[in-house]
K.L.:
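The structure follows.
Here the structure is a predicted model, which means the values were calculated and not measured. Each chain gets a letter, A, B and so on, in the order the sequences are listed, and its residues count up from 1. Computed over heavy atoms, backbone and side chain alike; hydrogens, waters and symmetry mates excluded.
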Amino acid sequence: MSVRTRFAPSPTGYLHVGGLRTALYAYLFAKQNNGTLILRIEDTDQSRKVEGATEKLIEALQWAGIDYDEGPGKDGNHGPYIQSERLAIYRTHSDLLLKNGKAYHCFCSAERLEQLRSSGATMYDRQCRAIPYDEAQQRAAAGEPHVVRLKIPDDGELKFHDEVRGDVTFAFNTLDDQVLLKTDGFPTYHLAVVVDDHAMEVSHVIRGEEWLPSTPKHIILYQYFGWTVPKFAHLPLLLNPDKSKLSKRQGDVAVEDYRAKGYLKEALINFVAFLGWNPGDEREIFSMQDLTNEFSINRVGKAGAVFNIEKLNWMNQQHMKIKSDNDLLPLVKPLIIEKGWGSFSDEYITQVIGLMKERVVVLSDFAGMCPYFFEEPSSYDEAAKAKNWKPESSAHLLKLSETLKTQEIFNAATVEAALRSTAEECKIGAGKLIHPMRLAISGVSNGPSLFHMAEVLGKETVIRRIGTALEKIQ
RNA sequence: GGCGCGUUCGUCUAACGGUUAGGACGGAGCCCUCUCAAGGCUUAAAUACGGGUUCGAUUCCCGUACGCGCUACCA
């Protein structure tokens, strides 16, 4: 039997990082089993419709490198893959259940249900179960508003095996007669998910732990239809720092947010993969290929995991270092252009990347942390000035500048040689020249090696900036 | 409230029932060094609690506590 997994998000307008991890695990599991990953859009709640949400979801998935095999835009003979386009199918199945006495029409009004709840009831009181099938059918045909509810067996319990949690048991008398078909004719999640997973021949349902309590209802449905029950794997939740379910309000949750902030997809994927899974040894930096080789559902943990930005930052740096300067260029260039520095050549930007990549944590730092590579310093850091700019610094720098002007070849090595010999002539330590020169050409006191920075900036710029600094700094 | 799931350093986690309970992020310190990073080294820091079972429990069982999830005609 071939492995078929699915990622079935509801189109809320963005891809949640928890969803990203679910999708990733489903993808990895499918990949390593030579299986198929299906993307299915669960848009059965009309009131929650968001324009363009599906497109955004697909784009985020694509960006992350999670390719689905079947889904919107990729037919696989199991479509359509958008639930709002499958309404007739749910209706048919609901009717089948009704006919077989496994479900019933419920005409209770929203008001009655609310009253029921406020009077302390924790489940529906099954009042409409007593209505004879023919009568209910007539009332429904006459247009009386109603829903269809699932008949939960009266007593007994349901035990099932979860791939990550082991055996789980629920007593039937704690299960509600779940609504399957809403008044508007749309199915609820519970009906749609079962009908579709079966129709799409899903073999492994990999989803978040929040679905664990409703799994018994789903299994009952499989049994009522006489279908094979797929395997279930309920993943531990991703948590806020306060341990509640990861949500907006407490930080960024959308994949798009992290992308926009300048995180590499490699880092986000690696990070999220390790929230709930690890290879069992001490390696931590994994590529998508490494993950597909080594991921195993057996090693997925049971406890929720806090989404820790500090660690993500570190991982991003690690992946940044792995990437070549050339690979980083297409990611950095747009940010440079956006800043209005479009006139710099690819070669120049690539050199800047080489000098900065182990000093930045996110891509946007390339544009934010070192503006001096792209424009003249507009001011000079006061603290650095106080610390490193001595009364005699001007004279020393002037002398250095004169020496630099005579350099035929201007690179890190020659600049360093010139600076050190000048320092010697002035009978001062090299540091007494290095720090003021750094301040003069960058405006700040930190950054890459001074000599390499000078090489990238070029002779003309360096000499010009020293001149400007000499005028502006007393 | 009911049901379910979970619980190892602050965080992510490792540990066939036998380890000085390991690693990583973050913290502290040192080294390297023209600054900032990076890197290297060192260090503080955990098995929720109580009972069993066992020669021996982080590990198996029970209970308690705590946390989280679900409890919608939302997914």
Side-chain angles (χ1 to χ4, degrees), chain A residues 8-12 42-45 47-48 83 106 108-110 113-114 117 120 122-124 145-149 162 164-166 168-171 173-176 178-190 192-193 207-216 234 236-237 239 241-245 271 274-285 299 301-315 317-318 321 355-361 369-370 384 387-388 416 419 429-435 437-439 442 444-451 453:
Chain A
S10 63
T12 54
E42 312 231 325
D43 60 344
T44 54
D45 186 353
S47 64
R48 282 214 202 174
Q83 289 186 328
C106 172
C108 293
S109 63
L113 295 177
E114 208 163 300
R117 270 192 289 273
T122 130
M123 295 191 290
Y124 175 59
H146 65 280
V147 300
V148 175
R149 285 183 186 271
D162 186 272
V164 349
R165 268 145 232 288
V168 185
T169 309
F170 288 85
N173 61 19
T174 65
L175 266 31
D176 206 354
Q178 188 65 53
V179 171
L180 299 177
L181 211 60
K182 304 182 234 180
T183 307
D184 65 2
F186 276 68
T188 58
Y189 172 84
H190 307 283
V193 77
R207 72 214 321 186
E209 189 188 350
E210 68 265 34
W211 296 110
L212 194 56
S214 47
T215 302
H234 287 96
L237 262 19
L239 275 22
D242 73 355
K243 305 264 188 183
S244 58
K245 185 165 140 184
F271 176 66
F274 271 63
L275 255 24
W277 174 87
N278 71 80
D281 53 39
E282 274 152 19
R283 292 168 301 151
E284 294 205 275
I285 302 304
R299 291 198 60 86
K302 299 175 174 36
V306 173
F307 191 94
N308 178 213
I309 308 271
E310 296 291 332
K311 186 118 187 200
L312 206 213
N313 287 340
W314 172 78
M315 262 192 184
Q317 284 183 308
Q318 298 302 309
K321 287 202 288 183
L355 290 186
M356 291 302 297
K357 76 173 175 183
E358 58 183 36
R359 279 163 243 270
V360 301
V361 355
M369 273 176 60
C370 49
K387 184 162 187 256
N388 296 318
E416 177 163 13
L419 184 140
K432 293 266 187 296
L433 222 33
I434 288 173
H435 296 298
M437 177 171 164
R438 173 185 296 284
L439 185 64
S442 75
V444 293
S445 63
N446 56 35
S449 146
L450 174 69
F451 308 119
M453 192 160 60

K.L.:
Using the P atom on both, measure B/U58 against B/G22 and round to a whole Å.
P.N.:
14 Å
K.L.:
Rounding to an integer number of angstrom, what distance separates B/A28 and B/G10 when you compare their C1' atoms?
P.N.:
14 Å
K.L.:
Please step through side chain to side chain contact (heavy atoms under 4.5 Å, CB included) for the pair A/Leu113 and A/Arg117, ending with a clear verdict.
P.N.:
CA-CA 6 Å; A/Leu113 295 177; A/Arg117 270 192 289 273; 4.2 Å; yes
K.L.:
Between A/Lys182 (side chain) and A/Thr44 (backbone), is there a donor-acceptor pair under 3.5 Å?
P.N.:
yes
K.L.:
With a 3.5 Å limit on both atom pairs, tell me what B/C60 is paired to, counting Watson-Crick and G-U wobble, or say none.
P.N.:
B/G52
K.L.:
When the distance from CG of A/Leu212 to P of B/G6 is rounded to whole Å, what number comes out?
P.N.:
9 Å
K.L.:
Within the distance-only criterion (no hydrogens, no angle test), does the side chain of A/Asn313 pair as donor or acceptor with the backbone N or O of A/Val361 below 3.5 angstrom?
P.N.:
no
K.L.:
Over 60° means perpendicular and under 30° means parallel, so classify the ring planes of A/Trp211 and A/Tyr189, tilted if in between.
P.N.:
parallel
K.L.:
Hunt down the Watson-Crick or G-U wobble partner of B/C3, both distances under 3.5 Å, from any strand shown, or write none.
P.N.:
B/G69
K.L.:
Between A/Phe451 and A/Gly276, which residue's closest nucleotide on RNA chain B lies nearer the 5′ terminus?
P.N.:
A/Gly276
K.L.:
Quick one, A/Val168 and A/Thr215 - any side-chain contact, counting heavy atoms below 4.5 Å?
P.N.:
no
K.L.:
OP1 or OP2 of B/A15 less than 4.0 angstrom from a side-chain nitrogen or oxygen of A/Arg299, does that happen here?
P.N.:
yes
K.L.:
Partner of B/U19 by Watson-Crick or G-U wobble geometry, both contacts under 3.5 Å, or none?
P.N.:
none
K.L.:
Is any side-chain N of the basic residue among A/Asp281 and A/Arg283 closer than 4.0 Å to the acidic one's carboxylate O?
P.N.:
yes
K.L.:
State, yes or no, whether a side-chain contact exists between A/Met315 and A/Ile285 at a heavy-atom distance under 4.5 Å.
P.N.:
yes
K.L.:
Whole Å only: how far is the CE atom of A/Met315 from the C1' atom of B/U11?
P.N.:
13 Å
K.L.:
Expressed as a whole number of angstroms, how long is the span from A/Glu282:CD to B/C12:C1'?
P.N.:
13 Å
K.L.:
Decide side chain to side chain contact (heavy atoms under 4.5 Å, CB included) for A/Val193 and A/Arg207; before the verdict, give the C-alpha distance in whole Å, the side-chain angles of both, and the deciding distance to 0.1 Å.
P.N.:
CA-CA 12 Å; A/Val193 77; A/Arg207 72 214 321 186; 4.2 Å; yes
K.L.:
Tell me: NZ of A/Lys302 to C1' of B/C5, nearest whole Å?
P.N.:
10 Å
K.L.:
Indicate yes or no for a side-chain donor-acceptor contact from A/Thr183 to the backbone of A/Pro145 under 3.5 Å, with no hydrogens or angles considered.
P.N.:
no
K.L.:
For atom C1', what is the distance between B/U42 and B/C36, given to the nearest Å?
P.N.:
23 Å
K.L.:
Do A/Pro448 and A/Met356 have side-chain heavy atoms sitting under 4.5 Å apart?
P.N.:
yes
K.L.:
Rounded to whole angstrom units, what separation is found between the CZ atom of A/Phe274 and the C1' atom of B/U11?
P.N.:
15 Å
K.L.:
Determine which nucleotide pairs with B/A14, using a 3.5 Å limit on both distances of a Watson-Crick or G-U wobble pair.
P.N.:
none
K.L.:
Indicate for each nucleotide in nucleotides 66-74 of chain B, in 5' to 3' sequence, whether protein heavy atoms under 4.0 Å reach the base (B), only the sugar-phosphate (S), or nothing (-).
P.N.:
--SBSS-BB
K.L.:
Describe the nucleic acid contact of A/Ala303 in one word from base, sugar-phosphate, nothing, applying a heavy-atom distance below 4.0 Å.
P.N.:
sugar-phosphate
K.L.:
For A/Glu416 and for A/Leu175, locate the closest nucleotide of RNA chain B by heavy-atom distance; then report the residue assigned to the nucleotide nearer the 5' terminus.
P.N.:
A/Leu175
K.L.:
If we call it a pair only when both distances are under 3.5 Å in a Watson-Crick or G-U wobble match, what pairs with B/G39?
P.N.:
B/C31
K.L.:
Can you tell me how far P in B/U64 sits from the matching atom in B/A24, rounded to whole Å?
P.N.:
39 Å
K.L.:
With both distances under 3.5 Å as the test, what is the Watson-Crick or G-U wobble partner of B/C9?
P.N.:
none
K.L.:
To the nearest angstrom, how far is A/Glu284 atom CD from B/G26 atom P?
P.N.:
11 Å
K.L.:
How many Å lie between CG on A/Leu180 and C1' on B/A75, as a whole number?
P.N.:
15 Å
K.L.:
When the P atoms of B/G23 and B/G40 are considered, how many whole Å apart are they?
P.N.:
14 Å
K.L.:
Compare side-chain N and O positions of A/Asn278 against OP1 and OP2 of B/A14 and report whether any pair is under 4.0 Å apart.
P.N.:
yes
K.L.:
Looking at the side chain of A/Lys311, which of B/C3, B/C25, B/G6 is the nearest nucleotide?
P.N.:
B/C25
K.L.:
Between protein and nucleotides 35-49 of chain B, map the contacts as a letter string: B base, S sugar-phosphate only, - none, heavy atoms under 4.0 Å, written 5' to 3'.
P.N.:
BBBSS----------
K.L.:
Could you measure between the two P atoms, the one in B/U7 and the one in B/C61, and give it in whole Å?
P.N.:
12 Å
K.L.:
Does any N or O in the side chain of A/Asp45 come within less than 3.5 Å of the main-chain N or O of A/Ser47, such that one atom is a donor and the other an acceptor?
P.N.:
yes
K.L.:
Expressed in whole Å, how much space separates the C1' atoms belonging to B/U13 and B/C30?
P.N.:
27 Å
K.L.:
Taking atom C1' in both B/G26 and B/C70, compute the distance separating them and give it to the nearest angstrom.
P.N.:
34 Å
